[in-house]
Visitor: 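My questions all concern the structure below.
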Amino acid sequence: TIKMAVYGLWLFLSVAGLGFARKQTVLWIVADDLGQHDLGIPRPELPEEFQVRIKTPKIAALRNHSVKFTNYHVQKVCTPSRACFQTGRWPHRYGLQSPFSPDEPQGLPLNETTVANYFRNQGYDTHAVGKWHLGFADWRFTPTFRGYNSFLGYYGPDEDYFQHTVAGAYGCDADKQPVGLDFHNDSTPNCGNGCSQLLWKDQGTYSAQIFTQEAIRLLEAHAPDRDTDPLFLYLAYQSVHAPAEAPAEYINKYQDTIADHRRRVFAGMVSALDEGIGNITEALERLNMLNDTIIIFTNENGGPISHPGNDGDAIGSSNWPWRGGKHDAWQGGVQGFSFLKTPPGLLENDNYVYSGLMHAVDWFPTLVGMLSLPTPATAFPLDGIDLSAAISSNSTSPRTHVTLDIEVGNGAVRIGDWKLLVGHPGPGGQWSPPNPYQNASANTPYFWNNATDFYQIYDLAADLREENNLYSTVDSSVRDELMTYYQSQLVNAKFPTELGPKGTLTHTPQGLAWLPWLNLSII
């Protein structure tokens, strides 16, 4: 009878999700090029005229019951941040500091262990949906060769939201180049030539809707066996990267509230993202999975903003109050937006604001720690730190140093509240105003300051907006510590290299498409 009582208690705890028998679902949501001032989340410190006009009730509702991170960092552009997510290692370790166009022969080195490799080895069914942008010159760079059991989405950096086509190279002549389809259904592990399907049938359908539907399909497929066959789902939306496109019904919602056309289209794109996340949340509730799911929401860099004479990929984002945006090592480019929703009881504290220092590389080991899984046996040591205990107890973060950018002649690092910038931080040094695109032209909504100092040091605790360069006046011990750490990262850095000839579009019976073009013996 004692044995039966013990067994009954064990069974009760397991079914209740409080014991070790149940493995939680992991849902990792990435928003592309989302700025700090782009979600309709009330900010009590701001007057009404400065509040964001974009409505995002679904994201806000999810965030309201989560750990909210206010000192979280990403890299300044997409590929490096995505590499951080996948490997838990700084991208300069393996030469992925910069994004690359579809025709460039680059990719995440095959000797890097991915988070999907790890979770699949732990018995999780791993799937990726949406944007990849970690290489496809060789099939072995694509997601189902990197630990994911399936992938539906696009391999490259950006594309048309409806037609899912893209040109081969960045630059001013991109609109003059032929375009090809980059939209794939890779339905099994190691799904390469002869397995991967081009999704011509999805032309005409908005990508946020396609990715949401696929995510819900995967959740529904796993619902019956989620206790024994847990799901790891990496959902990287195209939204809200350029080009500026959304179905008319989303844009028209803001006809009377956002006067500026560019910001209004951008608001429609954000609303489509919000609806998708809301539909996924509703599916989790319907499937009785919401309280068994760890949900990470993060952007991968700040929103791109206009520079005088060059809009680049800026389509209406704002990073107020931070300086700069995507492509910049200023806080507007590297200050991340993230929150974490966990099953009840998994964390000691699961609904509060966490101000401890954190970086995108920390997600991999932090997930492992939260789930009490074995220490990853990766090919190389992780740069990420397990913050699960600190987040759970709302205690001091074990992270003290952050590497934000290591490039030839340029760099950015942080130790505590001190930040060092070396060389050229980015295209400019502008600040977004608190009321973007409301009382100003979309072409001139920024305060401009072209900083030229090669070395810059800022005390972010006292100077959040990075206005006062203290390099020449700060105590030498601070300067020396920052420079020493920067040099330690630079000395062993690898830099982007091309692995072969540039790619070209492939002719298929249905039209031009982007497919891997190399077959490398060593990567």
Visitor: Could you check Trp517, Phe145, Tyr154, Phe100 and say which one makes a ring-ring contact (aromatic ring centres under 6.0 Å, His included) with Phe136?
Guide: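 So the option named by the test is Trp517.
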
Visitor: Could you point out which residue of Asp32, Val30, Ile29 forms a side chain to side chain contact (heavy atoms under 4.5 Å, CB included) with Tyr237?
Guide: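 Only match with Tyr237 under side chain to side chain contact (heavy atoms under 4.5 Å, CB included): Ile29.
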
Visitor: Got Leu512 and Thr506 here, is their nearest side-chain heavy-atom distance under 4.5 Å?
Guide: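 Sidechains of Thr506 and Leu512: no contact.
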
Visitor: Between Trp132 and Tyr148, do the side chains contain a donor N or O and an acceptor N or O under 3.5 Å apart?
Guide: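 On atom types as modelled, these side chains do not qualify, holding no pair under 3.5 Å.
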
Visitor: Taking the side chain as every heavy atom from C-beta outward, state whether Asp138 and Asn519 have any pair of such atoms under 4.5 Å apart.
Guide: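 Sidechains of Asn519 and Asp138: in contact.
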
Visitor: If you define the side chain from C-beta out and look only at heavy atoms, does anything of Leu233 sit under 4.5 Å from Val26?
Guide: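 A side-chain contact is absent here, since even the closest heavy-atom pair is not under 4.5 Å.
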
Visitor: Quick one, Pro178 and Leu505 - any side-chain contact, counting heavy atoms below 4.5 Å?
Guide: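 Result yes, sub-4.5 Å side-chain heavy-atom pair found.
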
Visitor: Hey, are His401 and Arg414 close enough side-chain-wise for a donor-acceptor pair under 3.5 Å?
Guide: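 No - no donor-acceptor pair under 3.5 Å links their side chains.
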
Visitor: Do the side-chain N and O atoms of Thr484 and Glu481 include a donor-acceptor pair separated by under 3.5 angstrom?
Guide: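 Note: Thr484 and Glu481 side chains miss the donor-acceptor criterion.
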
Visitor: Are the side chain of Asn319 and the backbone of Gly303 linked by a donor-acceptor contact shorter than 3.5 Å?
Guide: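 Between the backbone of Gly303 and the side chain of Asn319 there is a qualifying donor-acceptor contact (under 3.5 Å).
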
Visitor: Do His424 and Glu407 get their side chains close enough for a donor-acceptor pair, meaning under 3.5 Å?
Guide: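 No pair is found: no donor N or O on one side chain lies under 3.5 Å from an acceptor on the other.
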
Visitor: When the aromatic ring centroids of Tyr206 and Phe162 are compared, is their separation below 6.0 Å?
Guide: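 Distance test on ring centres: under 6.0 Å, yes.
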
Visitor: Assess the side chains of Asp405 and His92: does a donor N or O sit below 3.5 Å from an acceptor N or O?
Guide: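 Result is no, nothing qualifies.
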
Visitor: Taking the six-membered ring for Trp, are Tyr458 and Trp330 parallel (under 30°), tilted (30 to 60°) or perpendicular (over 60°)?
Guide: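 Taking Trp330 first and then Tyr458, their aromatic rings stand perpendicular (interplane angle over 60°).
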
Visitor: Going by the side chain to side chain contact (heavy atoms under 4.5 Å, CB included) test, name the single residue among Val422, Ile406, Thr403 that passes it with Leu490.
Guide: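 It is Ile406, the one option of Val422, Ile406, Thr403 that forms the side chain to side chain contact (heavy atoms under 4.5 Å, CB included) with Leu490.
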
Visitor: Any side-chain heavy atom of Arg146 sitting closer than 4.5 Å to one from Gln86?
Guide: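 Not in contact.
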
Visitor: Can you check whether Tyr155 and His184 have ring centres sitting under 6.0 Å from each other?
Guide: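 That pair passes the under 6.0 Å test.
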
Visitor: Using modelled atom types only, decide if a donor and an acceptor are shared between the side chain of Thr126 and the backbone of Gly147 within a distance under 3.5 Å.
Guide: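 Pair found, side chain donor or acceptor close to backbone of Gly147.
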
Visitor: Find the distance between CD1 (Ile296) and CG (Leu340) and round it off to the nearest 0.5 Å.
Guide: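 Ile296 CD1 to Leu340 CG: 6.0 Å, rounded to 0.5 Å.
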
Visitor: About how many Å separate CH2 of Trp90 and CG of Asn492, when rounded to the nearest 0.5 Å?
Guide: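 Output value for this atom pair is 15.0 Å.
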
Visitor: Do the side chain of Ser397 and the main chain of Leu357 share a donor and acceptor less than 3.5 angstrom apart?
Guide: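 Side chain of Ser397 to backbone of Leu357, a donor-acceptor pair under 3.5 Å: yes, one is there.
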
Visitor: Would you check if Val413 and Leu404 make a side-chain contact, meaning some heavy-atom pair closer than 4.5 Å?
Guide: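 No - every pair of side-chain heavy atoms lies 4.5 Å or more apart.
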
Visitor: Take Arg263 and Asp38, measure what salt bridge (Lys or Arg N to Asp or Glu O under 4.0 Å) needs, and give me the verdict at the end.
Guide: CA-CA 10 Å; Arg263 182 70 167 177; Asp38 290 339; 2.9 Å; yes

Visitor: Salt-bridge test for Lys76 and Asp328: reply yes if a basic N is under 4.0 Å from a carboxylate O, no otherwise.
Guide: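 No, this pair does not count.
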
Visitor: Only counting residues at least two apart or in another chain, list the ones meeting side-chain hydrogen bond (donor to acceptor under 3.5 Å, both in side chains) with Lys419.
Guide: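 Testing Lys419 for side-chain hydrogen bond (donor to acceptor under 3.5 Å, both in side chains), a comparison that skips the adjacent residues, returns Gln331, Glu466.
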
Visitor: Is there a donor-acceptor pair closer than 3.5 Å between any side-chain N or O of Glu245 and the backbone N or O of Tyr161?
Guide: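 Looks like yes, one N/O pair under 3.5 Å.
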
Visitor: Hey, could you give me the CD1/CD distance between Ile41 and Gln51, rounded to the nearest 0.5 Å?
Guide: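 It is 11.0 Å, given to the nearest 0.5 Å.
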
Visitor: Roughly how far apart are Ser317 OG and Ile305 CD1, rounded to 0.5 Å?
Guide: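 Atom-to-atom, Ser317:OG and Ile305:CD1 are 8.0 Å apart.
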
Visitor: Decide whether a cation-pi geometry holds between Arg479 and Tyr471; the criteria are a distance under 6.0 Å from NZ or CZ to the six-membered ring centre and an angle within 45° of the ring axis.
Guide: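 The answer is yes; both the distance and angle limits are met.
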
Visitor: Determine whether a donor-acceptor pair (N or O, by modelled atom type, separation under 3.5 Å) exists between the side chain of Ser196 and the backbone of Asn193.
Guide: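 Side chain of Ser196 to backbone of Asn193: no pair is present.
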
Visitor: Using modelled atom types and a 3.5 Å cut-off, is there a donor and acceptor pairing between side-chain atoms of Asp103 and backbone atoms of Thr504?
Guide: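 Such a contact is absent between Asp103 side chain and Thr504 backbone.
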
Visitor: Is it the case that the side chain of Thr113 and the backbone of Ala379 share a donor-acceptor pair, with hydrogens and angles ignored and the cut-off at 3.5 Å?
Guide: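 Yes.
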
Visitor: For Asp260 and Arg262, indicate whether the former's side chain and the latter's backbone hold a donor-acceptor pair under 3.5 Å.
Guide: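 Checking the backbone N and O of Arg262 against the side chain of Asp260, a donor-acceptor pair under 3.5 Å is found.
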
Visitor: Please examine the side chains of Tyr234 and His127, heavy atoms only from C-beta on, and report whether any two atoms are closer than 4.5 Å.
Guide: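 Side-chain contact under 4.5 Å: no.
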
Visitor: Side-chain contact, heavy-atom cut-off 4.5 Å: Leu152 with Ile210?
Guide: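 Yes; the side chains approach each other to less than 4.5 Å.
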
Visitor: How far does CD of Glu300 sit from OG of Ser81, to the nearest 0.5 angstrom?
Guide: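 If I round to the nearest 0.5 Å, the distance is 6.0 Å.
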
Visitor: Looking at residues at least two apart in the chain, or sitting in another chain, which of them share a side chain to side chain contact (heavy atoms under 4.5 Å, CB included) with Thr396?
Guide: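 Per chain and number, Thr396 pairs via side chain to side chain contact (heavy atoms under 4.5 Å, CB included) with no residue.
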
Visitor: Could you tell me if the ring centre of Tyr118 sits under 6.0 Å from that of Trp363?
Guide: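 So the answer is no for these two rings.
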
Visitor: Over all heavy atoms of both residues, which pair between Asn299 and Phe85 is shortest? Give the atoms and the distance, please.
Guide: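 So the minimum-distance heavy-atom pair works out to O-CZ, 3.8 Å.
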
Visitor: Looking at Asp182 and Lys131, is there a salt bridge between them, counting it only when a charged N and a carboxylate O are closer than 4.0 Å?
Guide: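 Looking at Asp182 together with Lys131, the answer is no, because their closest N to O distance does not fall below 4.0 Å.
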
Visitor: Start with the C-alpha distance between Asn301 and His327, add both sets of side-chain angles, then the distance that settles side-chain hydrogen bond (donor to acceptor under 3.5 Å, both in side chains), and finish with yes or no.
Guide: CA-CA 8 Å; Asn301 49 248; His327 311 290; over 6 Å; no

Visitor: Under 6.0 Å from the NZ atom of Lys494, do we count more than 12 heavy atoms belonging to anything else shown?
Guide: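 Open.
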
Visitor: Would you say Asp362's side chain and Leu387's backbone share a donor-acceptor pair under 3.5 angstrom?
Guide: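 Here the side-chain-to-backbone pair does not exist.
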
Visitor: Whether Asp383 and Arg399 form a salt bridge (side-chain N of Lys/Arg under 4.0 Å from carboxylate O of Asp/Glu) is what I want to check.
Guide: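 Result for this pair is no, no salt bridge flagged.
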
Visitor: For Ala377, check side chain to side chain contact (heavy atoms under 4.5 Å, CB included) against everything at least two apart and list the hits.
Guide: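 Partners of Ala377 by the side chain to side chain contact (heavy atoms under 4.5 Å, CB included) criterion come out as none, since no residue qualifies.
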
Visitor: Taking the side chain from Glu498 and the backbone from Gln106, do they hold a donor-acceptor pair closer than 3.5 Å?
Guide: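 Checked: no pair found.
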
Visitor: Report the distance from atom CD1 of Ile457 to atom CE of Met483, rounding to the nearest 0.5 Å.
Guide: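 Taking CD1 in Ile457 and CE in Met483, the distance rounds to 8.0 Å.
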
